[in-house]
A.B. asks: 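Pasting a structure here, questions to come.
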Protein chains: 2
Amino acid sequence: MPAKRLKPEAARSAPVFAALGDRTRLRLVARLCEDGPVSITGLTSGAGISRQAVTKHLHVLARAGLVRGLREGRERLYEIDPQRLDQARQHLQAISRQWDEALSRLKESLEEG
Amino acid sequence: MPAKRLKPEAARSAPVFAALGDRTRLRLVARLCEDGPVSITGLTSGAGISRQAVTKHLHVLARAGLVRGLREGRERLYEIDPQRLDQARQHLQAISRQWDEALSRLKESLEEG
DNA sequence: CTAATGTGCAACCAAAATATTGCATTTCTA
DNA sequence: TAGAAATGCAATATTTTGGTTGCACATTAG
């Protein structure tokens with residue numbers, strides 16, 4: 001039973017990992033996970049960068065499918081969209097599993113040889 | 001029971017996600033998972049980019065702690081170092097869990113209110 | 001020994017990412 | 001209604017990233 005190819009999957013997951021590959025964005029995600037929907041201004045406080053920079057990071061996260069922004073009066077509230085996050089997690093899990101299988105095969109062949 | 005802060009963890013995981021956030025590097029990781037230790041030239045074949053570009057990608061992965069390279073004669077063999085991969089997976093899992101908890105709390109407060 | 005093979009290092013380049021500032025627009029509040 | 005608050009859009013500057021090429025060096029094969 002040959003290992004399943006995961007190259008097409010990889011191509012889809014790369015943008016998600018890229019979106020998570022920035023400490024500011026990772027903190028934004030963490031904050032949204034903890035506090036639920038937060039406005040841009042709210043997310044800016046304590047971020048150490050300008051509101052515009054935060055907005056751009058939120059756009060990156062949104063394009064990766066990790067968050068979504070909803071207009072509420074004069075402010076825009078951002079919240080987590082957990083689906084892609086879960087996909088990425090599953091992808092990492094698949095890689096880990098594949099690595100474990102490869103290791104097992106190596107072990108077997110060593111025992112046989 | 002307050003949710004654990006995951007901001008320091010986030011800072012450590014960001015470089016790992018950044019390293020995984022490129023389709024070429026993700027394919028390299030996949031290949032190393034499948035085929036075990038492979039030389040730079042071996043990894044270059046079929047990558048569609050120059051050997052030097054592949055080398056740079058491998059350096060990025062190595063600095064993130066995801067792979068390591070061992071000199072073997074005149075070639076350098078790269079292999080997966082699964083620890084960081086697993087850490088990253090656990091971090092994603094923690095984020096997911098935290099999000100689930102936040103959702104539960106929201107649900108409760110809605111039922112109470 | 002000579003030539004081919006596999007790397008490493010450095011310079012260089014174009015494109016993308018990160019962040020800033022300034023200004024316009026919409027919405028709430030006193 | 002006037003002003004404050006929250007956001008959106010655009011231009012710009014700086015740094016990082018992904019890629020190339022050329023050359024030097026080490027190692028293996030004939």
A.B. asks: D22(A) CG to dA16(C) P: how many Å, rounded?
C.D. replies: 18 Å

A.B. asks: What's S50(B) touching, base or sugar-phosphate or nothing? Going by heavy atoms closer than 4.0 Å.
C.D. replies: base

A.B. asks: To the nearest 0.5 Å, what is the distance between CD (E75(B)) and CD (E72(B))?
C.D. replies: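 Reported value, rounded in 0.5 Å steps: 7.5 Å.
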
A.B. asks: Output yes when a side-chain donor or acceptor of R76(A) lies under 3.5 Å from a complementary backbone atom of G69(A), and no otherwise.
C.D. replies: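 Yes, R76(A) side chain to G69(A) backbone: donor-acceptor pair under 3.5 Å.
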
A.B. asks: Quick one: R51(B) CZ to dC25(D) P, roughly how many Å, whole number?
C.D. replies: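 It works out to 15 Å between those atoms.
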
A.B. asks: Can you tell me if the side-chain N/O atoms of H57(B) get under 4.0 Å from OP1 or OP2 in dT17(D)?
C.D. replies: no

A.B. asks: Heavy atoms only, 4.0 Å cut-off, all strands: where does R71(B) land among base, sugar-phosphate and nothing?
C.D. replies: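 R71(B): backbone/sugar contact only, no base atoms under 4.0 Å.
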
A.B. asks: Judged by each residue's nearest nucleotide on DNA chain D, which is more toward the 5′ side, L77(A) or E72(B)?
C.D. replies: L77(A)

A.B. asks: To the nearest Å, give me how far apart CD1 (I49(A)) and P (dT21(C)) are.
C.D. replies: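 Value for this atom pair: 12 Å.
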
A.B. asks: Base, sugar-phosphate, or nothing: which does Q52(A) touch, judged by heavy atoms less than 4.0 Å apart?
C.D. replies: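 Q52(A): base contact, heavy atoms under 4.0 Å.
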
A.B. asks: Hey, does the side chain of T41(B) come within less than 4.0 Å of dT5(C)'s phosphate (OP1/OP2), counting only N and O?
C.D. replies: no

A.B. asks: Within the pair T24(A) and dT18(C), is there a side-chain N or O less than 4.0 Å away from OP1 or OP2?
C.D. replies: no

A.B. asks: In whole Å, I'd like the distance from the CG atom of L70(B) to the P atom of dG6(C).
C.D. replies: 18 Å

A.B. asks: Kindly say if R76(B) contacts the phosphate of dG8(C), meaning a side-chain N or O under 4.0 Å from OP1 or OP2.
C.D. replies: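 Yes.
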
A.B. asks: Please check this pair: side chain of R25(A) against backbone of A19(A), looking for a donor-acceptor N/O pair closer than 3.5 Å.
C.D. replies: yes

A.B. asks: Calculate the interatomic distance between I40(B) atom CD1 and dT5(C) atom P; express it in whole Å.
C.D. replies: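 In whole Å, dT5(C) P lies 17 Å from I40(B) CD1.
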
A.B. asks: Using only atom types and a distance under 3.5 Å, with no angle test, would you say the side chain of R84(B) pairs donor to acceptor with the backbone of A64(B)?
C.D. replies: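 Side chain of R84(B) to backbone of A64(B): a pair is present.
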
A.B. asks: What integer distance in Å separates Y78(A):OH from dT7(D):C1'?
C.D. replies: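 After rounding, the gap between these two atoms is 10 Å.
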
A.B. asks: Do the side chain of K56(A) and the base of dA17(C) come within less than 3.5 angstrom through a donor-acceptor pair of N or O atoms?
C.D. replies: no

A.B. asks: Could you check whether any side-chain N or O of R27(A) sits under 3.5 Å from a backbone N or O of A47(A), counting only pairs where one atom can act as donor and the other as acceptor?
C.D. replies: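 Answer holds: no.
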
A.B. asks: Go nucleotide by nucleotide along DNA chain C from the 5' end; which of E75(B) and V60(A) gets its closest nucleotide reached first?
C.D. replies: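 Final value for this comparison: E75(B).
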
A.B. asks: Measure from CG on L43(A) to P on dA6(D) and round the result to the nearest Å.
C.D. replies: 13 Å

A.B. asks: If you compare every side-chain N and O of S39(B) against the phosphate oxygens of dT7(C) (OP1, OP2), does one of them come in below 4.0 Å?
C.D. replies: yes

A.B. asks: Could you tell me how far apart R23(A) (CZ) and dT18(C) (C1') are, to the nearest whole angstrom?
C.D. replies: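 Value for this atom pair: 15 Å.
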
A.B. asks: Between R74(A) and dT25(C), does any side-chain N or O lie under 4.0 Å from OP1 or OP2?
C.D. replies: no

